[in-house]
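Because only heavy atoms are used, hydrogens play no part in the values below, and waters and symmetry mates are left out as well, while side chains stay in.
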Number of protein chains: 2
Amino acid sequence: MKISTRFSDSIHILAFINIYQGVIPLTSNNIASSIETSPVVVRRLMSALNKAGLINTVHGAADPVLAKSPENISLYDIFLAIEGDAHLFTIDERTNPQCIVGGNIQETLNGFYQQAETAAKAKLARTSLQDVIDTIRVKQAIKDAEKERRN
Amino acid sequence: MKISTRFSDSIHILAFINIYQGVIPLTSNNIASSIETSPVVVRRLMSALNKAGLINTVHGAADPVLAKSPENISLYDIFLAIEGDAHLFTIDERTNPQCIVGGNIQETLNGFYQQAETAAKAKLARTSLQDVIDTIRVKQAIKDAEKERRN
DNA sequence: TTAATTGAAACTTATTTAGTTACAAATAAG
DNA sequence: CTTATTTGTAACTAAATAAGTTTCAATTAA
């Protein structure tokens, strides 16, 4: 199983809430316009983010808010909220237990995969939503300066 | 996108070739029995492993051989052979370029995802097929000892 | 009271992955 | 040389997963 765009869309939602709060109404419709998906998809993801305690939403009302400061929300927190205990690598569960290889490969690969996965997740854990927002703003500032230069 | 069982099945094939060479004929049929899949799936994967220079196969003849010693085949070599430049995380390619978030999130996430992915791949690069084979043999030895003890 | 919005279920569609069928091309054995 | 075995590959089918849609009850806000 590959990690779906749900993860990247969720980070998008959280960054959007932070950057556009007070600027435009934070309805699922407005957020969906930025992701170019449907409002239902956005609400589905926000429901998971809400349950995980990353945002606070109110049934019937727009304008969700981040439940913590962006410095204290890591990409791994978001990953957990959306993908739960999903794995980056998949192990074939149906191998012949009679065979030396088939009978031991699952446990064996599980160990090595776990290590690789943990390395990746540790990186995610060390990256905050604030890092993402900062990078977005810097990239936008560069674009704005470019545009200005051309005038 | 999640990484499919193709990767784990490929490691399985290589370990099987090493452990069973000279013991039983290494036909796609025999290998498939250990993985509990079809011979065609095995041949498909072996074709990719052959093209990547990890094994040497002969059209019409059984008994493929490892092209390098297991110490010199890393899990990342196998990953590259089978998955190529596949990514562990997927970025939503269709976001609104007019929006500060939508217009910069792809590049931004690409950077952070790249870091996490590299951490995982580095772990795979530091794990060899020999490590896998050794672990399989140790696990089997433990099982054998358990069985002996019960007699 | 009405309009706008969320939350959630059920469904459809699209994409990806796994497995199958079929067969030409090569090898191996008698 | 002939036959059986095997690989390599293409084309197809089936299954699993992901993305998107439709619908509507429940809630809030004006």
Taking [atom1] from [X] and [atom2] from [N], how many angstroms apart are they, rounded to a whole number?
X       : N      : atom1 : atom2 : answer
A:Ile31 : C:dT5  : CD1   : P     : 12 Å
B:Glu93 : D:dG20 : CD    : P     : 13 Å
A:Met46 : D:dT27 : CE    : P     : 18 Å
B:Asn56 : D:dT6  : CG    : C1'   : 17 Å
A:Asp63 : C:dT6  : CG    : P     : 9 Å
B:Arg6  : D:dA16 : CZ    : C1'   : 14 Å
A:Ile13 : C:dT6  : CD1   : P     : 12 Å
B:Asn30 : D:dT7  : CG    : C1'   : 14 Å

### Task
Between A:Ala62 and B:Lys51, just flag the one whose closest nucleotide in DNA chain D comes earlier from the 5' side.
B:Lys51
N or O in side chain of [X] less than 4.0 angstrom from [N] OP1/OP2:
X       : N     : answer
B:Thr27 : D:dT5 : no
B:Ser47 : D:dT9 : yes
A:Thr57 : C:dG7 : yes
B:Ser28 : D:dT7 : yes

### For A:Ile78 against A:Leu14, the heavy-atom pair lying closest together
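In terms of heavy atoms, the two residues are closest at CD1-CD1, 3.5 Å.
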State the [atom1]-[atom2] distance between [X] and [Y], to the nearest 0.5 angstrom.
X        : Y       : atom1 : atom2 : result
B:Asn50  : B:Met46 : CG    : CE    : 9.0 Å
B:Tyr113 : A:Phe7  : OH    : CZ    : 4.5 Å
B:Ile133 : B:Phe16 : CD1   : CZ    : 12.5 Å

### Query
Between A:Arg149 and A:Glu146, is there a salt bridge with N-O shorter than 4.0 Å?
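Yes, this pair counts.
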### Message
At under 4.0 Å between heavy atoms, how does the protein contact nucleotides 19-27 of chain C? Give one character per nucleotide, 5' to 3', with B, S or -.
### Response
BBBB--BBS
### Query
Regarding A:Ser69 and A:Glu71, is there a side-chain donor-to-acceptor distance under 3.5 Å anywhere?
yes
### Task
Scan every strand shown for a Watson-Crick or G-U wobble partner of D:dA19, both distances under 3.5 Å, and answer none if you come up empty.
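WC or wobble partner is C:dT12.
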### Task
Would you mind listing every side chain to side chain donor-acceptor pair (under 3.5 Å) that reaches into residues 8-19 of chain B, with sequence neighbours excluded?
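Passing the test, one end in residues 8-19 of chain B: B:His12-B:Ser34.
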